[in-house]
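A note on names: the letters A, B, ... follow the listed sequences, proteins ahead of strands, and every chain is numbered from 1. A quick note: this is a predicted structure, and the numbers were derived from the prediction, not measured.
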Number of protein chains: 2
Amino acid sequence: METQNFLLLKLAKIMHKVFQELKKRFDKLNDEEIKISTEQLGLLRSICLEEDDVIQKDMAEIMGKDKSSILRLINSLEEKDLIRRVVDNKDRRKNYLMVTKTGHRVMERYMLIVNELMLEIQQGLNKSDKEVFSKVVNHIVIKTGEL
Amino acid sequence: METQNFLLLKLAKIMHKVFQELKKRFDKLNDEEIKISTEQLGLLRSICLEEDDVIQKDMAEIMGKDKSSILRLINSLEEKDLIRRVVDNKDRRKNYLMVTKTGHRVMERYMLIVNELMLEIQQGLNKSDKEVFSKVVNHIVIKTGEL
DNA sequence: CATAATAGTTGCAGATATCAACTAATTATT
DNA sequence: AATAATTAGTTGATATCTGCAACTATTATG
């Protein structure tokens with residue numbers, strides 16, 4: 001019973017650590033390049049990972065943040081030319097958030113670092129463990145989706 | 001290869017969702033009670049979970065934040081009478097962070113909610129899957145500890 | 001004793017967050 | 001078709017959290 005609580009807290013701790021490490025490595029890489037904050041990167045990442053084109057409101061829901069928060073993050077990403085607002089012809093209230101070439105390049109570079117770190121972390125795990133882990137994560141994705 | 005990246009991002013997403021849900025349930029509970037922010041709760045949680053008594057500097061290291069950040073979070077927790085600074089007799093530079101009765105009560109209440117949500121999320125998983133998951137998490141704890 | 005190192009504090013500046021009030025565009029209602 | 005309601009986005013105000021650098025107080029070291 002208590003084990004499961006601590007597991008969650010452990011998970012929180014390692015996620016924090018992993019993203020901290022990722023940010024550190026990413027910052028190091030981007031010394032003279034585009035400086036991007038964790039939140040900005042998180043939003044960019046989310047936009048990239050969505051199946052369909054999204055508008056600001058979608059991202060507010062997906063990220064679980066206020067629409068004005070998203071708006072300001074979008075502003076900063078647009079200033080850095082990582083994404084671009086494109087007005088929907090059919091409904092001019094909507095701004096589609098399109099990732100620019102630079103944005104994709106930044107994400108790719110980020111993904112390489114993620115990849116590298118993941119390999120480091122996975123060392124010593126066998127295939128079946130990884131599969132079960134992946135299965136459980138997917139299970140939790142579904143369960144949290146129901147919340 | 002790519003699978004593992006997305007696994008991390010998936011994990012990040014579910015953690016975000018879980019803590020969001022936890023905060024929501026916790027806020028609902030604490031309508032007239034102590035209002036506490038996510039960061040404050042996170043710090044209180046960490047202090048409670050440590051084996052030994054800690055000082056501010058320890059928490060800065062554990063949480064991976066600047067000591068001044070911790071200091072201010074401690075201030076807000078102390079204002080709410082959830083923790084108390086106690087000067088070390090042998091080294092008067094050090095403030096031990098002692099959790100008050102109220103602090104423990106708040107944490108217990110929080111843990112109950114965590115517990116409840118964990119049970120909801122785990123429904124449908126068999127024992128062996130949970131064990132493997134736990135094992136992998138522990139593996140990652142060790143690996144991230146080496147970073 | 002003078003100097004280093006350590007723990008904590010304060011001031012400053014920047015990023016993020018939410019809330020509420022607002023505009024503009026679209027849809028629904030009468 | 002005119003009016004009202006809804007939706008998407010924006011803005012202003014305010015609060016929280018963050019790190020950095022400079023500072024104080026205390027302890028350790030030479």
Side-chain angles (χ1 to χ4, degrees), chain A residues 16 19-20 23-24 26-28 30 34-47 50 52-80 82-98, chain B residues 16 19-20 23-24 26-28 30 34-47 50 52-80 82-98:
Chain A
H16 183 250
F19 276 101
Q20 201 171 285
K23 189 178 171 1
K24 210 161 71 186
F26 194 66
D27 279 357
K28 199 172 287 174
N30 284 30
I34 299 114
K35 272 282 167 203
I36 187 170
S37 79
T38 313
E39 305 303 325
Q40 289 163 15
L41 187 62
L43 179 57
L44 180 61
R45 190 170 56 209
S46 273
I47 294 172
E50 282 304 311
D52 304 309
D53 286 339
V54 290
I55 59 174
Q56 294 181 198
K57 182 208 146 206
D58 296 331
M59 290 320 296
E61 280 168 10
I62 289 165
M63 309 280 293
K65 292 182 183 173
D66 192 85
K67 48 186 179 163
S68 54
S69 285
I70 299 298
L71 176 130
R72 277 154 187 148
L73 284 177
I74 300 285
N75 284 349
S76 58
L77 286 174
E78 203 172 28
E79 266 172 36
K80 294 187 169 90
L82 298 174
I83 68 169
R84 204 164 285 142
R85 288 174 167 97
V86 179
V87 178
D88 184 355
N89 291 324
K90 299 184 175 157
D91 187 343
R92 300 212 318 284
R93 289 172 303 184
K94 298 178 181 171
N95 290 336
Y96 283 113
L97 304 175
M98 314 299 289
Chain B
H16 184 250
F19 276 102
Q20 200 171 289
K23 187 174 172 10
K24 209 161 73 185
F26 193 66
D27 280 356
K28 197 173 286 173
N30 283 30
I34 299 114
K35 273 281 167 202
I36 188 170
S37 80
T38 313
E39 304 305 322
Q40 289 162 18
L41 188 60
L43 179 57
L44 180 60
R45 189 170 59 210
S46 272
I47 294 172
E50 283 303 311
D52 305 309
D53 286 338
V54 289
I55 59 174
Q56 294 180 198
K57 182 207 145 206
D58 296 331
M59 290 321 295
E61 280 170 10
I62 290 165
M63 310 279 292
K65 292 181 184 173
D66 192 85
K67 49 188 177 162
S68 57
S69 280
I70 298 298
L71 176 130
R72 276 150 189 150
L73 285 177
I74 300 284
N75 284 349
S76 56
L77 286 174
E78 202 171 29
E79 266 172 37
K80 295 185 168 92
L82 298 174
I83 68 169
R84 204 164 285 141
R85 287 176 168 96
V86 178
V87 178
D88 184 355
N89 291 323
K90 300 185 177 156
D91 186 343
R92 300 213 317 284
R93 289 172 302 185
K94 297 179 182 172
N95 289 336
Y96 283 111
L97 305 174
M98 313 300 289

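Residues from residues 37-44 of chain A placing a heavy atom under 4.0 Å of any atom in DNA chain D do not occur.
Nucleotide D:dT27 forms a pair with no other nucleotide shown, judged by Watson-Crick or G-U wobble geometry with both contacts under 3.5 Å. When Watson-Crick and G-U wobble pairs are counted only if both distances are under 3.5 Å, C:dA4 pairs with no nucleotide at all.
Nucleotide C:dG8 holds its C1' atom 13 Å from the CG atom of B:Asp58, rounded to whole Å. If you measure from atom CG of A:Leu77 to atom C1' of C:dA15, you get 13 Å, rounded to the nearest angstrom. A:Ile70 has its CD1 atom 12 Å from the C1' atom of C:dT18, to the nearest Å. Counting to the nearest Å, the C1' atom of C:dA15 and the NZ atom of A:Lys23 are 11 Å from each other. Whole-Å rounding puts the B:Asn95 CG to C:dT9 C1' distance at 10 Å. Between the NZ atom of B:Lys65 and the P atom of C:dA15 there is a distance of 18 Å, given to the nearest Å. Rounded to whole angstrom, the span from the CD1 atom of B:Ile74 across to the C1' atom of C:dA7 amounts to 13 Å.
Between B:Arg93 and B:Asp91, at least one side-chain nitrogen of the basic residue sits less than 4.0 Å from a carboxylate oxygen of the acidic one, meeting the salt-bridge criterion.
Residues that satisfy the side-chain hydrogen bond (donor to acceptor under 3.5 Å, both in side chains) test with B:Glu50, not counting sequence neighbours, are absent from this structure.
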Short heteroatom pairs, N/O only, protein and nucleotides 10-13 of chain C, under 3.5 Å:
| unit_1 | atom_1 | unit_2 | atom_2 | d |
| --- | --- | --- | --- | --- |
| C:dG11 | N7 | B:Arg72 | NH2 | 2.9 |
| C:dG11 | O6 | B:Arg72 | NH1 | 3.3 |
| C:dG11 | O6 | B:Arg72 | NH2 | 3.1 |

Report all interatomic pairs (protein N or O, nucleotide N or O of nucleotides 22-28 of chain C) with separations under 3.5 Å.
| unit_1 | atom_1 | unit_2 | atom_2 | d |
| --- | --- | --- | --- | --- |
| C:dT26 | OP1 | A:Arg92 | N | 3.0 |

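At distances below 3.5 Å, at least one donor-acceptor pair connects side-chain atoms of A:Asp58 with backbone N or O atoms of A:Ile55.
Here the NE2-CD1 distance, from A:His16 to B:Ile62, works out to 12.0 Å after rounding to the nearest 0.5 Å. Here the CZ atom belonging to A:Arg84 is positioned 8.0 Å from the CD atom belonging to A:Glu78, to the nearest 0.5 angstrom. Taken from CG in B:Leu82 to CG in B:Leu44, the straight-line distance is 6.0 Å, to the nearest 0.5 Å. Note that CG of B:Leu43 is 5.0 Å distant from CE of B:Met63, once rounded to the nearest 0.5 Å. Rounding to the nearest 0.5 Å gives a distance of 9.0 Å between CG of B:Asn95 and CD1 of B:Ile74. If you take CD1 on B:Ile36 and NZ on B:Lys23, they are separated by 9.0 Å, rounding to the nearest 0.5 Å.
Taking every nucleotide of DNA chain D with any atom under 4.0 Å from a non-hydrogen atom of chain B, the first and last of them, 5' to 3', are D:dC17 to D:dT27.
A heavy-atom distance below 4.5 Å is not found between the side chains of B:Phe19 and B:Thr38. Under the 4.5 Å side-chain criterion, counting only non-hydrogen atoms from C-beta, A:Val87 is not in contact with A:Lys94. Here the side chains of A:Arg85 and A:Asn75 are in contact, with some heavy-atom distance below 4.5 Å.
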>> Test side chain to side chain contact (heavy atoms under 4.5 Å, CB included) on B:Gln56 and B:Leu73; report intermediate values, then the result.
In response: CA-CA 10 Å; B:Gln56 294 180 198; B:Leu73 285 177; over 6 Å; no
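In this entry the base of D:dA25 is anti relative to its sugar, with a glycosidic angle more than 90° from 0.
The shortest distance between the side-chain N/O atoms of B:Lys94 and the OP1/OP2 oxygens of C:dA7 is not below 4.0 Å.
Legend: salt bridge (charged side-chain N to carboxylate O under 4.0 Å, His left out) pairs involving residues 61-73 of chain B, not counting sequence neighbours, sorted by first then second residue: B:Glu39-B:Lys65, B:Lys57-B:Glu61.
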